[in-house]
Amino acid sequence: MPEARLEVTDALGRRVVPIAKTPFEIGRRETYDLRLAGSEVSRDHAEIVGGPDGRLILKDRASRYGTYINGEQITEQPLAHGDRVRLGRSGGAEIVFLITDAEPKVEKSSTTTAIGDLRQIAALLEGLRALGSGRVLDDVLSLVLDSAIDVSSAERGFIMLASETGELEFKMARGRGRATLSGSSFATSRKIPEEVFRTGEPRLVADLLDGELANVHMGTVALGIRNVLCVPLRLVRYLDKAEAADVERERRIGVLYLDSREKGLLMSGSTRTALETLATEAAVAIENARLYRETMEKAKMEQEMRIAAEIQQALLPKMARAGSFFTAAAASIPCRSIGGDFYDYVDLPAGALGFALGDVAGKGPPAALLSAMMQGIFAAQAASSDSPSQTVSRVNQALYRRGIESRFVTLMYGAMAPEGLLTYCNAGHNPPLILSRSGSEPTVRRLECGGPIVGLFESATFEEETVTLTTGDWLVVFSDGVSEAMSVSGDEYGENRIVACVEENKNMEPRQLLEALFADVRDFTRGAPQSDDITAMVLRYGG
């Protein structure tokens with residue numbers, strides 16, 4: 001009995017595929033009996049099944065672009081010797097059904113190697129990633145262009161890729177002999193590439209000197225260019241909705257452009273088919289390479305941010321601090337990897353303790369840089385024996401003179417003496433709280449004396465106030481990231497919750513109390529994103 005087979009001619013060349021079983025499945029799936037590339041070939045496109053009379057029947061599997069026999073669209077039709085089958089409207093492959101004993105001669109296409117190489121790029125990328133190559137995208141672009149020039153015999157070509165805004169950007173140009181051409185020396189009109197990218201349809205111009213084309217593309221014609229072929233780089237994705245149906249989503253990522261001064265090149269249909277297939281495979285490889293490069297850049301940025309966070313934490317003093325008349329603890333949890341809050345301790349003359357907590361406007365790297373600078377300014381100014389108001393005034397002038405636009409700092413600076421005198425200056429910061437006990441009920445005092453935020457006004461004046469602490473008093477200094485922390489329902493944590501938390505844990509050591517405060521804030525905001533840096537300092541006066 002004669003064997004049935006399909007004679008297939010596509011970008012891979014001419015080959016014979018025997019129909020060794022039924023159903024014989026055709027489509028883009030790698031596991032199918034006949035796997036074909038092409039933007040109009042569905043993943044599950046068609047099948048050949050046996051009929052009751054022994055004949056073979058071609059069935060369409062609800063493909064998007066249809067199945068055709070001898071130019072007529074079919075749903076189901078018996079096959080006859082010599083029938084020409086087409087998948088999709090334009091058809092990237094020629095398929096002939098044969099059921100005679102004559103074996104056609106199979107010829108290997110010269111484009112097989114180039115396209116086969118492109119199909120392996122995705123796998124080769126894994127190896128390149130292991131080597132840590134930073135030129136993965138450039139390597140892929142070079143291979144795509146060199147393969148395209150070899151297939152088409154073009155003189156030169158370039159690839160343009162879409163930016164985030166959708167504009168085409170020149171990426172690489174190559175000439176014969178695998179020569180890289182600079183973008184400035186690769187002069188040509190953008191009209192054809194932009195039209196192909198916009199419409200998604202390939203464009204072949206056989207002779208630019210013919211008719212009105214010469215007037216439309218005068219710049220290209222002036223270079224002596226005669227032939228132009230431009231094809232879109234398209235990503236086609238398939239998402240299963242049901243077992244026998246799929247939805248195709250196409251996204252254009254750029255264009256592949258080729259041209260030549262020699263008339264007659266780039267003309268054959270097989271060349272166009274080969275280049276369209278190559279462009280389809282290249283789009284996947286280019287996108288993979290681009291995603292890999294973005295991933296590597298993101299990983300590098302994340303590593304740099306981790307290092308920056310470690311440096312920022314190292315600039316802050318140790319969490320716990322203790323002296324003969326006090327114990328203290330402070331910590332900061334940045335909203336992002338690095339933040340704009342800072343705190344510091346200063347040893348003052350006569351055994352007093354100086355302490356500060358500040359909040360730089362903004363978030364992320366700009367705020368972190370200004371925060372580090374503020375720590376340096378504060379340390380330099382606080383080293384003298386001047387009062388808190390004088391120190392804050394000099395910090396304000398030092399920051400103002402630097403002229404950093406739209407950047408300012410809230411700052412709380414206090415000096416605690418061994419005998420319990422606390423002198424402070426509050427420059428626009430959240431008022432710290434002093435929790436004392438008068439009888440059985442706690443009393444709360446807010447420290448508001450001071451002046452405006454630091455860095456906005458050169459001639460700003462600052463005041464100070466001195467209060468007396470008693471043994472066992474708690475002083476709580478915090479940024480607005482604590483008091484204004486938001487719950488899922490949109491409520492603020494508020495000062496009352498700070499007071500309640502401190503009162504509940506007043507018998508703990510400062511470090512334990514601070515950890516309890518942060519834990520209470522986390523519980524309150526659970527499920528809501530952290531919107532600001534969370535920083536607090538707690539001090540207990542021991543007498």
Side-chain angles (χ1 to χ4, degrees), residues 309-310 312-335 339 341-347 351-359 412-418 420 422 424 429-438 440-447 467 469-487 492-526 528 530 532-543:
E310 291 173 3
Q312 185 178 48
Q313 289 298 317
L315 291 174
L316 296 173
K318 291 182 179 180
M319 182 179 183
R321 185 73 178 263
S324 60
F325 62 94
F326 72 92
T327 52
S332 180
I333 303 174
C335 174
D341 289 0
F342 66 94
Y343 61 88
D344 208 349
Y345 304 110
V346 181
D347 292 322
L353 170 71
F355 58 90
L357 194 149
D359 184 355
M412 164 65 191
Y413 174 44
M416 182 189 296
L422 170 63
Y424 74 91
H429 198 75
N430 295 79
L433 306 175
I434 295 178
L435 279 73
S436 302
R437 181 165 293 278
S438 177
S440 60
E441 294 296 324
T443 60
V444 179
R445 178 170 183 170
R446 303 171 83 245
L447 305 183
V467 298
L469 302 175
T470 58
T471 301
D473 283 357
W474 283 98
L475 173 62
V476 184
V477 191
F478 53 90
S479 68
D480 55 9
V482 178
S483 58
E484 297 177 10
M486 304 289 286
S487 68
E492 285 190 357
Y493 187 73
E495 289 184 3
N496 290 337
R497 287 187 174 86
I498 296 176
V499 172
C501 182
V502 174
E503 181 64 21
E504 182 181 351
N505 300 282
K506 63 180 181 295
N507 294 323
M508 292 182 174
E509 291 300 314
R511 179 167 186 161
Q512 295 172 321
L513 190 148
L514 185 66
E515 291 171 349
L517 177 61
F518 282 179
D520 197 47
V521 173
R522 281 196 302 271
D523 290 340
F524 179 79
T525 59
R526 192 176 305 279
Q530 182 181 339
D532 201 355
D533 303 329
I534 296 175
T535 305
M537 176 186 292
V538 293
L539 301 96
R540 183 171 61 187
Y541 176 63

Measuring from atom [atom1] of [X] to atom [atom2] of [Y], what distance do you get when rounded to the nearest 0.5 angstrom?
X: Asp533; Y: Phe342; atom1: CG; atom2: CZ; value: 12.0 Å
X: Tyr541; Y: Trp474; atom1: OH; atom2: CH2; value: 15.0 Å
X: Leu435; Y: Lys506; atom1: CG; atom2: NZ; value: 10.0 Å

Query - Any side-chain donor near an acceptor of the partner, Ser332 and Asp341, under 3.5 Å - result: no

Query raised in the report: Cut-off 3.5 Å, side chains only: do Thr470 and Asp473 have a donor facing an acceptor?
Result: yes

Backbone N or O of [Y] within a donor-acceptor pair of the [X] side chain at under 3.5 Å?
X: His429; Y: Phe478; value: yes
X: Gln530; Y: Ile333; value: yes
X: Thr327; Y: Pro510; value: no

Query raised in the report: Is any side-chain heavy atom of Val467 closer than 4.5 Å to a side-chain heavy atom of Arg445?
Result: yes

Locate the shortest heavy-atom distance separating [X] from [Y]; write the atom from each residue and the value.
X: Tyr345; Y: Met537; value: CE2-CE, 3.8 Å
X: Asn430; Y: Ser483; value: ND2-OG, 3.4 Å
X: Asp344; Y: Pro317; value: OD1-CG, 3.8 Å

Query - Leu539: which of Leu422, Leu353, Ile434 passes side-chain contact (heavy atoms from CB on, under 4.5 Å) - result: Leu353

Query - For Arg540, side-chain hydrogen bond (donor to acceptor under 3.5 Å, both in side chains) partners two or more places apart - result: Glu509

Requested in this report: Under the side-chain hydrogen bond (donor to acceptor under 3.5 Å, both in side chains) rule, collect the residues that match up with Asp347, sequence neighbours excluded.
Outcome: Arg321

Query - Flag if over 12 foreign heavy atoms under 6.0 Å of CZ, Arg497 - result: yes

